[in-house]
Asks: 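Submitted below is the structure of interest, expressed as structure tokens.
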Protein chains: 2
Amino acid sequence: MTEELLLDDFDRQILRRVQADARATGEGIGADIGLSAAAVQRRLKRLRQLGVITAEIALLDPAAVGQAMAFVVSVEMERERADVLDAFRRAARADPNVQQCYYVTGAADFVLMVTTRDMADFEAFSRRLLFDNENIRRFTTNVVMARDKVGLAVPV
Amino acid sequence: MTEELLLDDFDRQILRRVQADARATGEGIGADIGLSAAAVQRRLKRLRQLGVITAEIALLDPAAVGQAMAFVVSVEMERERADVLDAFRRAARADPNVQQCYYVTGAADFVLMVTTRDMADFEAFSRRLLFDNENIRRFTTNVVMARDKVGLAVPV
DNA sequence: GGTGAAAACCCCTGATC
DNA sequence: GATCAGGGGTTTTCACC
């Protein structure tokens with residue numbers, strides 16, 4: 001289990017900041033929270049090494065790169081055998097149209113966030129990952145009409 | 001509508017790279033795709049100005065900051081009146097435990113990705129946003145047991 | 001329009017206190 | 001944690017295609 005007690009208030013303020021803007025400078029952050037630029041950088045380095053910061057990435061406007069459509073797909077497997085679940089996991093993980101894959105409790109076994117260029121692209125995707133899969137009992141698709149809030153930021 | 005034709009192959013390669021690592025240097029990227037560091041930086045600047053790159057952010061390990069639990073919540077509204085939908089939208093957007101909120105077609109009206117510290121935290125959240133809301137007909141919650149793939153990267 | 005090369009600038013890094 | 005010096009990355013300018 002990862003420890004949370006390794007973070008003090010400065011760390012949390014830094015994390016809040018870089019969660020919104022990974023390009024914020026040590027000097028800018030330090031000026032706001034009352035730390036020198038070097039101290040902020042030292043803490044950032046530590047937070048990366050500890051694995052608290054897992055990645056720093058660029059977010060793209062899906063429409064701008066031609067990925068206009070998004071879908072929420074709930075998948076119910078035929079039976080919950082470990083090898084069957086793992087096989088689906090791997091396939092979902094490897095599929096470029098799958099943005100997110102969650103293994104969940106409840107009626108569904110998996111919930112996927114999928115982005116595609118258009119409807120034809122989604123049909124190709126669903127055939128590839130869903131229809132041609134004997135182990136899937138059923139799946140339901142919700143078409144995303146509006147992405148009201150999209151982020152991976154976590155309250156800290 | 002945002003145009004996609006403004007991107008050439010160099011742009012797409014750069015986008016692919018920074019989607020995985022926003023701290024990649026212009027020199028490193030340029031070496032891989034056959035461009036000078038300056039050219040890469042020029043293109044990155046343009047991609048930011050065009051809004052193709054909407055943000056550069058740090059991703060945190062939820063467990064490391066004490067946000068161990070995640071939920072997929074499907075919400076069905078009592079009736080689809082624009083003002084009712086907008087009110088829910090705003091509330092979801094403002095809630096720190098709501099990572100993502102999608103307005104969708106199908107049985108559900110909204111799908112939310114929610115993270116919380118623990119079950120008590122989720123109960124407080126659901127009371128706050130869901131139970132105390134006259135306009136919600138019903139909602140279903142799926143507890144996330146494993147985050148198999150989590151990202152916002154888009155195929156480009 | 002685009003690029004590559006070099007200088008200036010800024011930021012990060014490491015050593016020292 | 002702060003300060004300062006050194007190295008590296010980014011940004012700008014410039015000449016060129």
Side-chain angles (χ1 to χ4, degrees), chain A residues 2-61 63-67 151-154 156, chain B residues 1-61 64-66 151-156:
Chain A
T2 326
E3 289 299 334
E4 179 189 359
L5 303 169
L6 302 169
L7 308 178
D8 64 12
D9 259 323
F10 284 131
D11 289 323
R12 277 187 279 271
Q13 289 184 78
I14 293 170
L15 289 173
R16 242 173 267 141
R17 181 73 169 266
V18 295
Q19 258 196 131
D21 177 16
R23 279 164 51 90
T25 66
E27 191 176 350
I29 299 173
D32 286 355
I33 69 179
L35 235 45
S36 71
V40 173
Q41 296 295 351
R42 218 176 310 125
R43 283 165 178 271
L44 276 172
K45 185 178 180 181
R46 175 172 161 272
L47 291 167
R48 286 192 267 255
Q49 285 175 336
L50 282 175
V52 177
I53 295 176
T54 56
E56 283 146 285
I57 63 165
L59 262 35
L60 309 189
D61 175 7
V65 294
Q67 294 286 130
L152 296 174
V154 129
V156 51
Chain B
M1 280 299 114
T2 327
E3 288 299 333
E4 179 188 358
L5 304 169
L6 303 170
L7 307 179
D8 64 13
D9 260 322
F10 284 131
D11 289 324
R12 277 186 280 270
Q13 290 184 80
I14 293 170
L15 290 173
R16 242 172 268 142
R17 181 74 169 262
V18 295
Q19 257 196 132
D21 177 16
R23 281 162 48 91
T25 67
E27 192 178 349
I29 299 172
D32 286 355
I33 69 179
L35 236 45
S36 71
V40 174
Q41 296 293 356
R42 259 196 307 269
R43 283 166 178 271
L44 276 172
K45 182 179 182 181
R46 175 172 159 271
L47 291 168
R48 286 191 268 255
Q49 285 174 338
L50 282 175
V52 177
I53 295 176
T54 55
E56 283 146 286
I57 64 167
L59 262 35
L60 309 189
D61 174 9
V65 294
L152 295 173
V154 129
V156 51

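Lettering of chains follows the sequences in order, A, B, ..., and the numbering in each one begins at 1.
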Asks: With side-chain contact (heavy atoms from CB on, under 4.5 Å) as the test, would you mind laying out the steps for A:I57 and B:Q19 before giving the verdict?
Replies: CA-CA 5 Å; A:I57 63 165; B:Q19 257 196 132; 5.9 Å; no
Asks: Expressed in angstrom and rounded to an integer, what is the separation of B:R43 atom CZ from D:dT11 atom P?
Replies: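 Atom CZ in B:R43 sits about 16 Å away from atom P in D:dT11.
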Asks: Contact list please: residues 21-34 of chain A against DNA chain C, heavy atoms, distance less than 4.0 Å, in numerical order.
Replies: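 Hits under 4.0 Å, by residue number: A:T25, A:G26, A:E27.
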Asks: Is there any protein nitrogen or oxygen under 3.5 Å from a nitrogen or oxygen in nucleotides 12-14 of chain D, and what are the pairs?
Replies:
from   : atom 1 : to    : atom 2 : distance (Å)
D:dT12 : OP2    : B:K45 : NZ     : 3.0

Asks: With a 4.5 Å cut-off on side-chain heavy atoms, are A:E56 and A:V18 touching?
Replies: no
Asks: I'd like to know whether A:D11 forms a side-chain contact (heavy atoms from CB on, under 4.5 Å) with A:R46, so could you lay out the CA-CA distance, the side-chain angles of the two residues, the decisive distance to 0.1 Å, and finally the verdict.
Replies: CA-CA 10 Å; A:D11 289 323; A:R46 175 172 161 272; 3.5 Å; yes
Asks: Before you tell me yes or no, could you show the steps for B:L35 and B:R42 under side-chain contact (heavy atoms from CB on, under 4.5 Å), namely the whole-Å CA-CA distance, both residues' side-chain angles and the distance that decides it to 0.1 Å?
Replies: CA-CA 11 Å; B:L35 236 45; B:R42 259 196 307 269; over 6 Å; no
Asks: So how far is it from A:Q13 CD to A:L7 CG, rounded to the nearest 0.5 Å?
Replies: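 Interatomic distance, A:Q13 CD to A:L7 CG, rounded to 0.5 Å: 12.5 Å.
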Asks: Taking CG from A:L44 and C1' from C:dC11, how many angstroms apart are they, rounded to a whole number?
Replies: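 For the pair A:L44 CG and C:dC11 C1', the rounded distance is 13 Å.
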Asks: How many whole angstroms separate atom CD1 of B:I14 from atom C1' of D:dT10?
Replies: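 Nearest whole value for this atom pair: 14 Å.
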Asks: I need the CZ-P distance between A:R46 and C:dG14, as an integer number of Å.
Replies: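 In whole Å, C:dG14 P and A:R46 CZ are 16 Å from each other.
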Asks: In Å and rounded to the nearest 0.5 Å, what is the CD1 to CD1 distance from B:I14 to B:I33?
Replies: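 Reported value, rounded in 0.5 Å steps: 4.0 Å.
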Asks: Does a side-chain heavy-atom distance below 4.5 Å link A:I53 with B:L59?
Replies: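 A side-chain contact under 4.5 Å is absent here.
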Asks: May I ask you to check whether over 12 heavy atoms, not counting those of B:E27, lie within 6.0 Å of atom CD?
Replies: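 Open: at most 12 neighbouring heavy atoms sit under 6.0 Å from CD of B:E27.
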